[in-house]
Structure formats: C-alpha cells, structure tokens
Amino acid sequence: MNVNKNTAVAPLEVTEVLVENSSLGMEEFHRKSHFWGRLTMWMVIILTLALPLYLSFVLGYHPGWTPIIAGFLAFATLVGYAWVIEPISYYPTLGVSGTYLAFLTGNISSMCLPSAASAQNALGVEPGTKKGEIVAALAISTASLVNIAILAVIIAGGSYIISIIPPEIQQTFQYIIPAIFGGIMAQFAMKKPLYGVIAMIIGLAINMLPIMMFFKGVICITLTIVVCIYLEKMRTKKGESL
C-alpha cells in the first residue's frame with residue numbers, strides 16, 4: 001500500500017517541481033532580457049544621437065531649433081501613434097525578449113512580426129505563452145541574421161540590382177507590407193474566423209470615417225479588442241449557464 005501511494009504521488013510532485021523550475025527559469029530569462037535589452041537600446045540611442053550632435057555642436061552645422069521642432073511635429077503627426085500602439089499590439093506575439101530584439105533590429109511589421117508568427121504557427125505554439133516567446137525570440141534572431149547577410153549584398157550592389165528590375169515589378173513593391181499584414185491576419189483569423197471578420201469590418205468602417213490618421217490605428221485596435229473581449233465573455237457566460 002505504501003509503495004502504491006508513493007508511486008501515485010510521485011508524478012504529481014515531479015510535475016509541481018517542473019512547473020516551479022520552469023517559472024523560475026522564465027523569471028531569470030525575463031530579468032536578463034530586460035537587462036541586456038535596456039543596455040543595448042540605450043547604446044543604440046546614444047550612437048544614433050552622436051552623429052547629429054557632433055555635426056551640430058562640434059562642426060557647427062546646427063540648423064536651428066525651429067526646423068527641427070517643425071519636422072518632428074510633422075513626423076509625429078503621421079506615425080506618432082505607432083510609438084505607443086506598436087509595442088502594445090505586438091507584445092502578445094513577440095514577448096519580452098522578442099520585443100527588445102524587434103525594436104532594436106527594426107523592420108518589425110515586414111520581418112520580425114511575420115517571422116515570429118510563422119514560427120509559432122509552424123510549431124503549433126500559442127502566442128503569449130512561454131514556448132511562444134522562446135520561439136518568437138529565436139525566429140526574430142534568425143531573421144535578423146539573414147537580413148544582415150542579405151543587406152550586406154544589397155548594399156554592395158543594390159543600385160545595380162534595382163536598375164535591372166523592370167519598372168512594372170518595382171511598382172508592386174508598395175504592396176509588400178499590406179500583403180504581409182494580410183497574411184498574418186489570415187493566419188490568426190483561421191483560428192477564430194469571427195474575430196477576423198469583426199476586425200475587418202471595424203478597420204474598413206474606421207478608415208472610411210473622417211478621422212485624423214493619427215487616431216485611426218488607435219481606434220481600430222482598441223475597438224476590436226473591446227468587442228472581441230465582450231464576445232468572449234458572453235460566450236463564457238453562455239457556456240456556464242448551459
């Protein structure tokens with residue numbers, strides 16, 4: 001009886017230990033991700049500002065604060081919403097480490113996010129989970145290395161490559177990013193088609209309304225999340241009542 005009892009309890013104890021070790025491992029992983037992520041981000045910020053500061057205050061080519069502020073405000077009006085919306089909307093797919101990697105590398109919408117989403121889908125892991133975050137980090141790292149290798153070739157002979165591409169094909173380059181987002185949306189909408197339809201309806205409706213471009217993305221994302229959460233709660237309540 002004692003042997004059977006110990007045998008029955010052992011798997012439960014092992015499972016609890018594994019879960020605890022996994023949680024501790026992810027906490028350590030996140031701690032190191034924050035440390036190295038913040039360090040490298042600040043290094044990039046300093047290096048990015050070093051050249052304009054050197055040109056402005058050492059070599060004396062400062063254009064004055066008026067055109068700088070005017071240019072900043074004009075740029076912020078067009079893409080300022082992305083500074084807040086992108087980290088929030090991409091985080092569930094990228095995770096902590098993936099977010100640092102993506103925003104450090106760049107090309108988030110055209111490379112990092114599609115790479116992470118495709119890898120998660122190929123391996124059958126859910127975004128927002130521990131496995132999903134590890135897969136996203138590895139996918140973004142690999143995509144970044146491949147991107148650097150390709151860019152090295154393109155930078156060396158990019159002008160020649162562009163010159164031999166027919167103009168008809170060059171005109172299609174403007175559709176690359178919309179096509180990537182369409183593929184990502186289809187990938188996630190296949191899991192929950194209703195939410196995909198809701199997102200499309202809300203997106204089309206908001207873009208047809210006379211709203212400033214700065215607010216369209218914010219309203220689309222917020223309204224879609226609110227509606228989907230409401231429907232999910234209604235479905236849960238309905239299931240509990242049955």
Side-chain angles (χ1 to χ4, degrees), residues 33-91 93-94 96-116 140-141 143-167 169-181 203 206-222:
S33 297
H34 284 302
F35 173 79
W36 289 108
R38 291 166 182 166
L39 178 62
T40 52
M41 291 292 283
W42 276 112
M43 289 173 61
V44 170
I45 291 173
I46 293 171
L47 291 173
T48 302
L49 295 176
L51 179 60
L53 290 174
Y54 176 77
L55 293 173
S56 296
F57 301 108
V58 177
L59 299 183
Y61 294 115
H62 194 276
W65 291 108
T66 300
I68 292 176
I69 295 174
F72 172 78
L73 292 177
F75 184 74
T77 302
L78 294 175
V79 299
Y81 72 94
W83 301 339
V84 178
I85 293 300
E86 284 191 353
I88 297 174
S89 58
Y90 294 163
Y91 176 79
T93 301
L94 302 179
V96 174
S97 56
T99 299
Y100 281 117
L101 285 170
F103 282 87
L104 181 66
T105 304
N107 297 324
I108 303 173
S109 60
S110 58
M111 183 186 71
C112 297
L113 184 65
S115 299
I140 295 170
S141 301
S144 299
L145 292 174
V146 174
N147 184 50
I148 292 172
I150 295 175
L151 281 177
V153 176
I154 293 177
I155 290 172
S159 299
Y160 174 74
I161 295 173
I162 295 296
S163 66
I164 63 177
I165 296 177
I169 297 179
Q170 293 185 29
Q171 293 177 1
T172 63
F173 290 171
Q174 59 182 321
Y175 302 109
I176 292 177
I177 292 181
I180 291 173
F181 270 104
I206 296 299
N207 278 280
M208 292 175 63
L209 294 176
I211 303 174
M212 290 180 61
M213 183 62 67
F214 179 85
F215 296 106
K216 284 186 177 181
V218 179
I219 295 174
C220 284
I221 294 174
T222 304

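Just so it is clear, the model here is predicted, and its values are computed rather than measured. Every heavy atom of this structure was used, including side-chain atoms; hydrogens, water molecules and symmetry mates were not.
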**Request:** Specify the closest pair of heavy atoms between S144 and M111, including all atoms of both residues, with the distance to one decimal.
**Result:** OG-CE, 4.0 Å

**Message:** Could you work out, with ring pair (Phe, Tyr, Trp, His ring centres under 6.0 Å) as the rule, every residue matching H34, not counting sequence neighbours?
**Reply:** Y100

**Message:** How long is the straight-line distance from CG of L101 back to OG of S33, given to the nearest 0.5 Å?
**Reply:** 8.0 Å

Which donor-acceptor pairs under 3.5 Å do the side chains of residues 38-61 make with protein atoms, sequence neighbours left out?
unit_1, atom_1, unit_2, atom_2, d
T40, OG1, W36, O, 2.7
T40, OG1, G37, O, 3.1
T48, OG1, V44, O, 2.6
S56, OG, P52, O, 2.8

**Request:** Any chance you could measure L209, atom CG, to I219, atom CD1, to the nearest 0.5 Å?
**Result:** 8.5 Å

**Side-chain heavy atoms of Y90 within contact of T99, under 4.5 Å** = no

**Message:** Could you measure the distance from the SG atom of C112 to the CG atom of L104? Nearest 0.5 Å is fine.
**Reply:** 9.5 Å

**Request:** Measure the CG-CD1 distance between L145 and I150 for me, rounded to the nearest 0.5 Å.
**Result:** 11.0 Å

**Message:** Can you confirm whether more than 12 heavy atoms, excluding those of W83, are under 6.0 Å from its CH2 atom?
**Reply:** yes

**Request:** Supply the atom-to-atom distance I140 CD1 to T93 OG1, rounded to the nearest 0.5 angstrom.
**Result:** 9.5 Å

**Prompt:** Can you tell if the side chain of P63 reaches within under 4.5 Å of the side chain of I68, non-hydrogen atoms only?
**Reply:** yes

**Item:** Side chain N147, main chain A143, donor-acceptor under 3.5 Å
**Value:** no

**Prompt:** Of all heavy-atom pairs between L94 and A102, which one has the smallest distance, and what is that distance?
**Reply:** CD1-CB, 3.8 Å

